Amino acid sequence: MTTSLDLPTDPIAVAAVALARSTESESVFHHSVRSYLWATLLADHENVTHDADYDPGLLFAATVMHDLGVGTRAPGVARFEVEGADLAADLLTRHGVGAHDVDRVWEAIAIHTSPGIAERRGLLAYLVREGVGIDFGRQAEVVADHEEVVHSRFPRLSMVRSLVDAIVDHAARNDAAAPRYSTPGELLRERRDNGVTRMELAAADSPWRS
């Protein structure tokens, strides 16, 4: 799957793609799909695909929908991570996914910006965070053999800037959406104070610079 870039075509996957594609910018949507592809490659690399906790369907749902909170369906009254988790949970529940699995996806999305926490909350949360991280250049060497074909199919389109723009726009809508020391809160503060965020500056030194 990862070498051919074929995405799942089951009803839940199709619905998840449709929701993400219709509510996010093209750049953010591509980031979400790449995060899934990187996560599956990482799972192969770390030999965890036969782990009892490894669920490719839930991994696809969590990665592809992890940034719904910066899309047009997010109300802007809470952190984007939480609102994205709520939207993903609603979709999965409406498609008959059990409460335990819905909660796993909710948690993986809600804490994907929380270093030191996501990595300790089970395999799904770990792979979601690391898949997203690879798309920012962390552990890029793990996916180096696939980088060119993935980026040709799902180009970056100035991903870091467009994602930061979306997060900051969402955070500026409500104080509760940008609590101090949270990722959205800090990005909003840095953009207002400095005109640029540390995330954007770090992207210039990443392997993909975009």
Side-chain angles (χ1 to χ4, degrees), residues 2 16 20 24 28-29 31-49 51-71 74 78-92 97-143 159-160 163-164 166-168 170-171 176-188 190 197-199 202-203 206-208:
T2 51
E24 298 170 356
V28 173
F29 173 70
H31 160 65
S32 299
V33 174
R34 288 194 308 269
S35 297
Y36 164 69
L37 296 170
W38 305 141
T40 60
L41 288 167
L42 179 65
D44 288 338
H45 176 75
E46 297 191 351
N47 297 312
V48 297
T49 57
D51 190 293
D53 288 336
Y54 182 74
D55 188 315
L58 296 184
L59 180 60
F60 183 78
T63 47
V64 167
M65 295 193 288
H66 83 271
D67 274 335
L68 289 179
V70 299
R79 291 175 55 164
F80 84 94
E81 305 99 313
V82 171
E83 293 193 347
D86 288 345
L87 289 166
D90 178 68
L91 182 146
L92 295 176
V97 177
H100 175 69
D101 286 341
V102 170
D103 189 61
R104 290 176 63 195
V105 171
W106 189 95
E107 180 181 54
I109 294 174
I111 64 175
H112 80 269
T113 63
S114 300
I117 297 175
E119 297 88 342
R120 299 184 62 173
R121 293 303 302 162
L123 184 59
L124 179 61
Y126 165 74
L127 289 175
V128 171
R129 174 163 171 78
E130 291 307 307
V132 172
I134 289 172
D135 206 45
F136 282 88
R138 189 172 68 242
Q139 296 194 80
E141 69 280 359
V142 172
V143 301
M159 179 276 291
V160 175
L163 180 57
V164 171
I167 293 172
V168 168
H170 180 275
R180 184 69 168 172
Y181 305 120
S182 68
T183 292
E186 291 303 288
L187 291 176
L188 177 62
E190 291 169 8
T197 66
R198 286 179 292 175
M199 185 179 291
S206 77
W208 298 320

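Residue numbers count from 1 along this sequence. Fair warning: this is a prediction, and the values are worked out from it, not measured in the lab.
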Sub-4.5 Å side-chain heavy-atom contact between [X] and [Y]:
| X | Y | value |
| --- | --- | --- |
| M159 | V28 | no |
| F80 | L68 | no |
| E186 | T197 | no |
| H100 | D103 | no |
| R129 | H66 | no |
| V128 | Y36 | no |
| H112 | S35 | no |
| H45 | Q139 | no |

Tell me the closest heavy-atom pair linking [X] and [Y], and the distance in Å.
| X | Y | answer |
| --- | --- | --- |
| A62 | A108 | CB-CB, 4.4 Å |
| A171 | P184 | CB-O, 3.8 Å |
| E46 | Y126 | OE2-OH, 2.8 Å |
| A88 | I109 | CB-CD1, 3.5 Å |
| E119 | S114 | OE1-O, 3.9 Å |
| W38 | G131 | CD1-O, 3.6 Å |

Given M65 and L91, is the side chain to side chain contact (heavy atoms under 4.5 Å, CB included) satisfied, shown in steps? CA-CA 10 Å; M65 295 193 288; L91 182 146; 4.2 Å; yes

So, the side chain of [X] versus the backbone of [Y]: is there a donor-acceptor pair under 3.5 Å, distance only?
| X | Y | answer |
| --- | --- | --- |
| E130 | A39 | no |
| D67 | V70 | no |
| S182 | G185 | yes |
| E81 | I111 | no |

Between L123 and V48, is a side chain to side chain contact (heavy atoms under 4.5 Å, CB included) present by the stated rule, with each step listed? CA-CA 9 Å; L123 184 59; V48 297; 4.0 Å; yes

Tell me if the CZ atom of R121 is crowded by more than 12 foreign heavy atoms within 6.0 Å.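 Check fails, neighbour count at 12 or below.
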
Heavy-atom count around R120 CZ within 6.0 Å, excluding the residue itself: above 12? no

Pairwise distance [atom1]([X]) to [atom2]([Y]) - rounded to 0.5 angstrom:
| X | Y | atom1 | atom2 | answer |
| --- | --- | --- | --- | --- |
| T183 | R79 | OG1 | CZ | 6.5 Å |
| L37 | T40 | CG | OG1 | 5.5 Å |
| T63 | L124 | OG1 | CG | 8.5 Å |
| L59 | L127 | CG | CG | 5.5 Å |
| R104 | D55 | CZ | CG | 6.0 Å |

If only side-chain N and O atoms count, and only distance matters, is there a donor-acceptor pair under 3.5 Å linking H170 with E83? yes

As a quick check of understanding, evaluate side chain to side chain contact (heavy atoms under 4.5 Å, CB included) for L41 and V142, giving each step before the final call. CA-CA 8 Å; L41 288 167; V142 172; 5.5 Å; no

So F136 and H31, ring-ring contact (aromatic ring centres under 6.0 Å, His included) or not? Walk me through it. CA-CA 9 Å; F136 282 88; H31 160 65; 5.7 Å; yes

Under the side chain to side chain contact (heavy atoms under 4.5 Å, CB included) criterion, do V164 and V168 qualify, and how do the steps go? CA-CA 6 Å; V164 171; V168 168; 4.0 Å; yes

